[in-house]
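For reference, the structure discussed in these notes is given below.
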Amino acid sequence: MRRHLVKRWLQSTSCDRNYSIWSNLPILWGAGTNLHRTPYNARNHEYYSEDAILTAYQAAAYIAAGKEYGCIIAPKHFAFNDTEINRTGIATFMTEQKARENELRGTQASVEDAQTLGMMTTFNRIGCTAGNAHYGLLMNILRKEWGFQGLMSEDFIQDANYSVLKEAVHCGVTMTCNTGDSNMEAVTAKWNYWTTEAVSKDASMMQDLKNVMMWQNYALANSNAMDGLNETSQIKDVRTWYDNALTATSAVLALLTLAAAAMYIRDAKRRKNS
């Protein structure tokens, strides 16, 4: 059944895969592997179903299809994104059994079966711990138990007080997404301990940074980001006959629309004067 699903998705997801190559954007942030826990969750249109097994099969098939073209399809939001409204910092509590039999099972196949090279963490807290800093989930389960070897981004949240950077790196997060600016000044302003001098004196942090950069570079090296591109490469825009035909059709229709509008206005004025 799983092979059949993969085959079907290989046929049905060519747009996403080809757009990835065409736009030179090797990462697609999805599939959505959270479950439909409540009909009021505004993100349900991004998630597959309320069933963990169905979600797992669909996500794994989608990711495997993307990998055929070197596209990193990164499941999100890992994990327990129960609500969209007021989700910033909301604390989600459950037993480990409930987590493993439901939400985590929806994502597990993406790693173990499809070998996804991307993952996105979540806004919410897991228990009382920020989702980007839960070592048990991100390291013990995702990387050590399931064998995830790819890049991992935080979900975007602007300057959240509960979001932490040092702990996120320790938990295998490779891409921070909290300040809105990708420069050291913005990061240091948010976390005053994050300077080149301070980090260079922290041996454990240096090792953590080495680990996450290895995972980040490994993922990109195994994606279409490296498909023959080097410092001498040039990207040329090539227009096909149907590109030109569509452009010409659009231009003709635009002129006809303007002409129709002008005739309507002229007729309205004529009627008014008469």
Side-chain angles (χ1 to χ4, degrees), residues 16 27-52 54-60 62-63 66 71-94 96 98-112 114 116-143 146 148 150-160 162-165 167-169 171-180 212 215-216 219:
D16 289 338
I27 306 173
L28 192 155
W29 298 111
T33 56
N34 296 112
L35 302 183
H36 292 189
R37 293 177 179 271
T38 166
Y40 302 108
N41 185 352
R43 278 289 182 95
N44 279 350
H45 67 283
E46 294 185 15
Y47 305 144
Y48 291 113
S49 75
E50 75 285 356
D51 182 81
L54 179 60
T55 295
Y57 279 164
Q58 289 186 278
Y62 183 34
I63 291 165
C71 178
I72 299 173
I73 296 177
K76 63 178 186 180
H77 306 84
F78 193 67
F80 319 119
N81 184 55
D82 279 358
T83 181
E84 183 67 13
I85 304 301
N86 297 322
R87 66 176 175 154
T88 304
I90 188 171
T92 306
F93 289 85
M94 65 186 69
E96 183 176 350
K98 180 179 177 62
R100 286 183 177 274
E101 291 181 355
N102 289 278
E103 189 91 351
L104 296 185
R105 182 169 290 184
T107 306
Q108 186 173 357
S110 299
V111 180
E112 292 187 338
T116 181
L117 290 173
M119 189 71 63
M120 180 184 286
T121 63
T122 186
F123 272 175
N124 53 271
R125 292 181 174 92
I126 301 169
C128 296
T129 305
N132 70 331
H134 198 289
Y135 194 89
L137 177 69
L138 301 182
M139 287 296 291
N140 289 343
I141 294 178
L142 178 62
R143 291 199 182 274
W146 294 353
F148 177 65
L151 57 83
M152 180 159 48
S153 174
E154 299 167 338
D155 200 352
F156 178 75
I157 181 169
Q158 188 71 42
D159 297 326
Y162 68 91
S163 185
V164 288
L165 181 58
E167 290 80 356
V169 175
C171 292
V173 173
T174 70
M175 303 166 70
T176 187
C177 197
N178 276 289
T179 63
V212 298
W215 289 318
Q216 179 85 5

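Please read these numbers as outputs of a predicted model, since none were measured by experiment.
Put simply, CD on Glu103 and OG1 on Thr122 are 8.5 Å apart, with the number rounded to the nearest 0.5 Å. In this structure, the separation between OG1 on Thr121 and CG on Leu137 is 9.5 Å, given to the nearest 0.5 Å. Separation of atoms OG (Ser110) and CD1 (Ile63) is listed at 3.5 Å; rounding is to 0.5 Å. Rounding to the nearest 0.5 Å places CG of Asn81 at 11.0 Å from CE of Met120. A distance of 10.5 Å separates CG in Asp155 from CG in Asn132, rounded to the nearest 0.5 Å. Summarising the geometry, atom CZ belonging to Phe80 is positioned 5.5 Å from atom CD1 belonging to Ile126; distances are rounded to the nearest 0.5 Å.
Taking both residues in full, the closest heavy atoms of Ala114 and Ala60 are given as CB-O, 3.4 Å, listed atom of the first, atom of the second, then distance. Residues Ala79 and Leu104 come closest through the heavy atom pair CB-CD2, 4.0 Å. Taking all atoms of both residues into account, the shortest heavy-atom contact from Val164 to Ala133 is CG2-CB, 3.6 Å.
Judged as a side chain to side chain contact (heavy atoms under 4.5 Å, CB included), and not counting sequence neighbours, the contacts of Arg143 are Met139, Phe148, Met152, Thr174, Trp215. Qualifying side chain to side chain contact (heavy atoms under 4.5 Å, CB included) partners for Gln108, counting only residues two or more places apart in sequence or in other chains: Glu112, Trp146. For Asn102, the side chain to side chain donor-acceptor pair (under 3.5 Å) test picks out no residue, with sequence neighbours left out. Applying the side chain to side chain contact (heavy atoms under 4.5 Å, CB included) rule to Thr55 yields the partners Thr33, Leu35, Tyr48, Ser49; only residues at least two apart in sequence or on another chain are considered. With sequence neighbours excluded, no residue forms a salt bridge (charged side-chain N to carboxylate O under 4.0 Å, His left out) with Glu154.
The residue from Ile72, Leu151, Val111 that alone fulfils the side-chain contact (heavy atoms from CB on, under 4.5 Å) condition with Met119 is Val111.
A donor-acceptor distance shorter than 3.5 angstrom exists from the side chain of His36 to the backbone of Asn44, with no hydrogens or angles considered.
Annotation: side chain of Thr107 is not in contact with side chain of Leu142 (no heavy-atom distance under 4.5 Å). The side-chain heavy atoms of Thr116 and Ile73, taken from C-beta on, include no pair separated by under 4.5 Å.
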Exercise for review: Please test Ile90 against Phe123 for side chain to side chain contact (heavy atoms under 4.5 Å, CB included), starting from the C-alpha separation and ending with a verdict.
Suggested key: CA-CA 8 Å; Ile90 188 171; Phe123 272 175; over 6 Å; no
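Taking the six-membered ring where the residue is Trp, Tyr47 and His77 present perpendicular rings, their angle passing 60° and hence far from 30°.
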